[in-house]
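Data first, discussion second: the structure below is written as structure tokens.
No hydrogens, no waters, no symmetry mates; every other heavy atom, side chains included, goes into these values.
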Amino acid sequence: MEILTISLIHIYLFIILLQFQVVLAQETSPNDDDVMKVLAIGNSFSEDAIESHLFELAKEAGKTVIIGNLYIGGASLGLGNDNIHKNASIYSYRKIGVDGSKRTFEKTSILTALKDEHWDYVSFQEVSQLSGILDSVQKNIVPVYQYVKDQVINKDVKYIYHQTWAYAQNSTHDGFNNYDKDQLKMYQAIVNVSQKVKDFVPINLVIPAGTAIQNGRTSVIGDNFTRDGYHLSIPMGR
């Protein structure tokens, strides 16, 4: 039974990898320079999503990428909006270059990162406990988007909304109270926001990471995709 379970996990992960490669292979740099440049304005959830395996997955799909992550642990869109008004240099700017090497630049502002590259894609992400609350997302993503639109070098940039995932059923995160500590309720609220975010900012692409994790929970892996009830486990969840 143990051998069978491990085999099923490998098959499941292989299917996910194939699906990712098909999607990524269809994406091209709007600048036709053969390098896809992606910047996330996020937190630890964007760290989980793009800092560990995205470069390698892109390479496997035949894509050269530059990945940037503006990181503050627990950062919300509201904090991003505040930092924009202050031009606050308080982000940890993690950057993965075309060779796969990673460099970190501390005390960086959103403006500095926006001007650092001719970004093809900029990703927005709400903090996990608020990602299923439409009023919060709508209130804060609009001014953040407008600032990025005004400041980004590439005026043909495409905008991404990064859908986060629901917490594990046994999560002790305080924000789980926003959803009555109900994983399915949290997931459905997150999906609802993801579907409506295009109504108030021109999002080109929604990354359904939350749906991928929720689907995975129906497999033999079960509710074991997080390491602490909300951050993705290493390496399985990531």
Pair Gln214-Gln183, side-chain donor/acceptor within less than 3.5 Å: yes
Side chain proximity check, Val148 to Val157, heavy atoms < 4.5 angstrom: no
Expected output: side-chain Lys86 to main-chain Asn81 donor-acceptor under 3.5 Å: no
Short side-chain to backbone donor-acceptor contact, Asn43 and Tyr71, under 3.5 Å: no
Plane angle bin for Tyr230 and His173 - parallel if under 30°, tilted between 30 and 60°, otherwise perpendicular: perpendicular
Side-chain donor or acceptor of Arg103 paired with backbone N/O of Lys95 under 3.5 Å: no
Smallest separation among heavy atoms of Ser233 and Met236, with atom names: OG-CB, 3.7 Å
Polar contact flag, side-chain donor to acceptor under 3.5 angstrom, Arg94-Thr104: no
Lys149 atom NZ: more than 12 heavy-atom contacts under 6.0 Å: no
Distance-only donor-acceptor check, side chains Gln146 and Asp150, under 3.5 Å: yes
Cluster check Ile153, Val98: I/L/V/M/F/W/Y, side chain < 4.5 angstrom: no
Shortest non-hydrogen contact from Ser128 toward Tyr179: O-OH, 4.2 Å
Leu111/Tyr147 under side-chain contact (heavy atoms from CB on, under 4.5 Å): CA gap, chis, key distance, verdict: CA-CA 9 Å; Leu111 180 62; Tyr147 179 81; 3.3 Å; yes
Sidechain-backbone polar pair: Gln125 side chain, Ser46 backbone, donor-acceptor under 3.5 Å: yes
Test item: Asn140 side-chain N/O and Leu77 main-chain N/O as donor-acceptor pair under 3.5 Å: no
Minimum-distance pair of heavy atoms, taken over all atoms of Ala58 and Val65: CB-CG1, 3.7 Å
Minimum side-chain heavy-atom gap Asp116-Thr112 below 4.5 Å: no
Trace of the side-chain contact (heavy atoms from CB on, under 4.5 Å) decision for Thr64 with Met36: CA-CA 6 Å; Thr64 303; Met36 194 182 302; over 6 Å; no
Main-chain N/O of Thr211 paired with Gln163 side-chain donor or acceptor, under 3.5 Å: yes
Centroid-centroid distance, Tyr187 to Trp165, less than 6.0 Å: no
Atom pair NE2 (His231) and OG1 (Thr226), whose distance is rounded to the nearest 0.5 Å: 10.0 Å
side-chain contact (heavy atoms from CB on, under 4.5 Å) between Leu54 and Ile67, worked out: CA-CA 8 Å; Leu54 182 58; Ile67 301 168; 3.8 Å; yes
Interatomic spacing from CG in Leu130 to OG1 in Thr164 - rounded to 0.5 Å: 9.5 Å
N/O donor-acceptor pair under 3.5 Å between Tyr167 side chain and Gln129 backbone: yes
Shortest non-hydrogen contact between Ala166 and Arg217, atoms and distance: O-NH2, 2.9 Å
Ser109 side, atom OG; Leu114 side, atom CG - distance, nearest 0.5 Å: 8.0 Å
Under 3.5 Å side-chain donor-acceptor pair for Tyr91 and Asn69: no
Residue pair Ser131 / Glu126, side-chain donor-acceptor N/O under 3.5 Å: no
Other residues, nucleotides, ligands: >12 heavy atoms within 6.0 Å of Lys115 NZ: yes
Plane angle bin for Phe124 and Tyr159 - parallel if under 30°, tilted between 30 and 60°, otherwise perpendicular: parallel
Shortest non-hydrogen separation from Leu134 to Lys196 and the atoms involved: CD2-CD, 3.9 Å
SB check Asp99 Lys59 (cutoff 4.0 Å): no
Donor-acceptor under 3.5 Å (Asn87 side chain, Ile84 main chain): no
Joint cluster assignment, Val201 & Val191, ILVMFWY side-chain distance < 4.5 Å: no
Heavy-atom pair with the smallest gap, counting every atom of Val197 and Ser194: CG1-O, 3.4 Å
Candidate pair Tyr161 and Leu205, rule side-chain contact (heavy atoms from CB on, under 4.5 Å), full reasoning: CA-CA 6 Å; Tyr161 184 72; Leu205 183 65; over 6 Å; no
Side-chain donor or acceptor of Asp182 paired with backbone N/O of Leu184 under 3.5 Å: yes
Donor-acceptor contact below 3.5 Å, side chain Asp120 vs main chain Lys37: yes
Interatomic distance, Ile110 atom CD1 to Gln151 atom CD [nearest 0.5 angstrom]: 10.5 Å
Spatial distance of atom NE2 (His162) from atom CD1 (Ile50) [nearest 0.5 Å]: 8.5 Å
Pairwise distance CD1(Ile141) to OG(Ser136) - rounded to 0.5 angstrom: 10.5 Å
